[in-house]
There are 2 protein chains.
Amino acid sequence: MATKIDPRPRDADRTREAILQAAQQVFAEKGFAAATIRDITARAGVNQSLVSRYFGGKLKLFEAALEAALDARLMTDLPKAEFGKLIVARFADGDGRVSPLPMLFRAAADAEARSVAQRLLHERVLEPLAQWIGGADAGVRAARLMMISLGFFTYREQLPLAGFAGAVDPDLRRWLEDEFQAIVDNGHVRR
Amino acid sequence: MATKIDPRPRDADRTREAILQAAQQVFAEKGFAAATIRDITARAGVNQSLVSRYFGGKLKLFEAALEAALDARLMTDLPKAEFGKLIVARFADGDGRVSPLPMLFRAAADAEARSVAQRLLHERVLEPLAQWIGGADAGVRAARLMMISLGFFTYREQLPLAGFAGAVDPDLRRWLEDEFQAIVDNGHVRR
DNA sequence: TCACGATGTAAACGTACGTTTACTTGCTGG
DNA sequence: CCAGCAAGTAAACGTACGTTTACATCGTGA
């Protein structure tokens with residue numbers, strides 16, 4: 001028999017990364033409580049015990065996965081001039097990355113995961129967002145942005161209704177674009 | 001020893017109702033997966049096996065509880081002229097009833113409960129809402145109303161941030177009122 | 001070379017859950 | 001008065017989970 005070439009030689013960093021990526025997917029799909037370590041590690045192709053070894057448990061893995069997902073800048077990398085169109089396109093059509101938003105609010109069912117999500121949402125999303133928006137009422141405008149985003153995601157991915165699971169209704173899309181654009185412009189919807 | 005007066009004589013209907021009310025509370029607080037039958041029945045003061053006996057299982061109990069919570073009209077009982085102010089007051093300040101919205105989206109973590117929530121949300125909330133709003137684009141406007149409501153609840157109760165858990169910021173409140181009012185008026189925000 | 005730590009695995013453990021079963025208690029119609 | 005059914009209970013069952021443990025395997029520095 002030919003010498004077996006192991007396609008995945010022993011590499012702790014690579015294994016850690018594989019677990020982390022699988023965790024991002026599974027946590028985003030199923031939420032914290034419904035996601036199982038057996039599912040995550042199976043998707044990563046590694047043994048289940050490695051989660052405890054490398055991350056210290058399920059909650060710590062969730063925290064690491066959420067933080068990694070939030071590492072990619074979520075909104076503040078877009079040009080303000082066309083923010084509305086671009087952010088709706090990113091949310092509605094996807095851009096290939098795993099969005100951290102489903103992870104954020106699907107985690108809320110579990111009390112421990114919720115407190116982690118709260119802290120990270122505040123530190124990594126809301127504060128940078130308010131800074132990026134700027135101005136006196138930046139906090140309120142960031143909150144509005146967050147509320148609409150969460151509502152959109154909840155409505156679209158969490159409770160997808162008939163006729164809404166696919167493409168977004170053009171009128172609804174235009175309203176979303178206007179709202180998002182108004183928030184970064186001056187807080188008022190221009191119509 | 002004096003004769004013991006049982007404060008809760010055998011009464012299947014009363015027991016059923018006690019379970020149903022406890023279920024509404026616990027499901028709203030913890031979501032479907034995190035809520036346990038033992039917790040619900042303990043709060044109702046009855047044996048755990050009665051859930052299977054009276055409702056046929058946890059999922060059926062959830063369906064019954066959600067349907068009962070949705071029985072109270074959620075939005076369409078308010079006068080359209082002051083809809084914005086009143087609906088925000090109901091959402092932000094509460095009106096004593098158990099709101100079905102937390103149940104709705106906290107259920108979304110579980111796949112089976114989610115499909116139940118989807119169907120009931122559509123049948124019992126969105127369709128009556130669109131009918132109540134009326135007009136050609138009633139569907140889109142109902143969707144906007146639902147998105148903002150879900151976003152508000154998610155942001156407020158699910159991921160309560162520092163400074164947002166208590167009273168709602170006056171500016172944010174005004175924005176919410178305007179948005180809600182505009183949806184029932186003509187779909188456009190008047191400013 | 002080879003012992004030893006790093007890496008990975010399989011199996012077992014303890015726990016908590018939803019559900020079912022066997023049983024007890026209380027009421028009521030004839 | 002009492003048989004029979006409704007109502008309620010306690011305990012057990014089967015399962016799935018996160019975690020831990022004991023063991024196997026690989027690579028590498030002295």
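Just so it is clear: chains get the letters A, B, ... in the order the sequence lines come, proteins before strands, and each one is counted from 1.
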Determine, for B/Phe55 and B/Arg16, whether the Lys NZ or Arg CZ falls below 6.0 Å from the six-membered ring centre while staying within 45 degrees of the axis.
yes

What is the distance, rounded to the nearest whole Å, between atom CD1 of A/Ile37 and atom P of C/dT9?
15 Å

Kindly say whether, by distance alone, the side chain of B/Arg10 makes a donor-acceptor pair under 3.5 Å with the base of C/dT25?
yes

Within the 4.0 Å heavy-atom criterion, would you say A/Ala35 contacts the bases, only the backbone, or no part of the nucleic acid?
sugar-phosphate

Measure the distance from CZ on A/Phe62 to C1' on D/dC17 and round it to the nearest whole Å.
18 Å

Go through the steps to decide whether A/Lys30 and B/Asp110 satisfy the test salt bridge (Lys or Arg N to Asp or Glu O under 4.0 Å), and finish with yes or no.
CA-CA 8 Å; A/Lys30 306 190 174 183; B/Asp110 186 275; over 6 Å; no

Closer to the 5' end of DNA chain C via nearest nucleotide, is it B/Val51 or A/Tyr54?
A/Tyr54

Looking at A/Glu67 and A/Arg119, does any basic side-chain N land under 4.0 Å from a carboxylate oxygen?
no

Rounded to the nearest Å, what distance is computed from the CD1 atom of residue B/Ile19 to the P atom of nucleotide D/dA7?
12 Å

Between A/Thr15 and C/dG8, is there a contact of a side-chain N or O with OP1 or OP2 at under 4.0 Å?
yes

Between B/Ser49 and A/Asn47, just flag the one whose closest nucleotide in DNA chain D comes earlier from the 5' side.
B/Ser49

Nearest-Å distance for atom pair CZ/P, residues A/Arg53 and D/dG18
18 Å

Taking the six-membered ring for Trp, are the ring centroids of A/Trp175 and A/Phe180 within less than 6.0 Å of each other?
no

In this structure, how many angstroms lie between the C1' atom of C/dT9 and the CG atom of A/Leu50, rounded?
8 Å

Just how far, in rounded Å, is C1' of C/dC27 from CG of B/Asp11?
12 Å

Nearest-Å distance for atom pair CD/P, residues B/Gln48 and D/dA10
10 Å

Mind calculating the distance between NZ (B/Lys58) and P (C/dC17) to the nearest angstrom?
9 Å

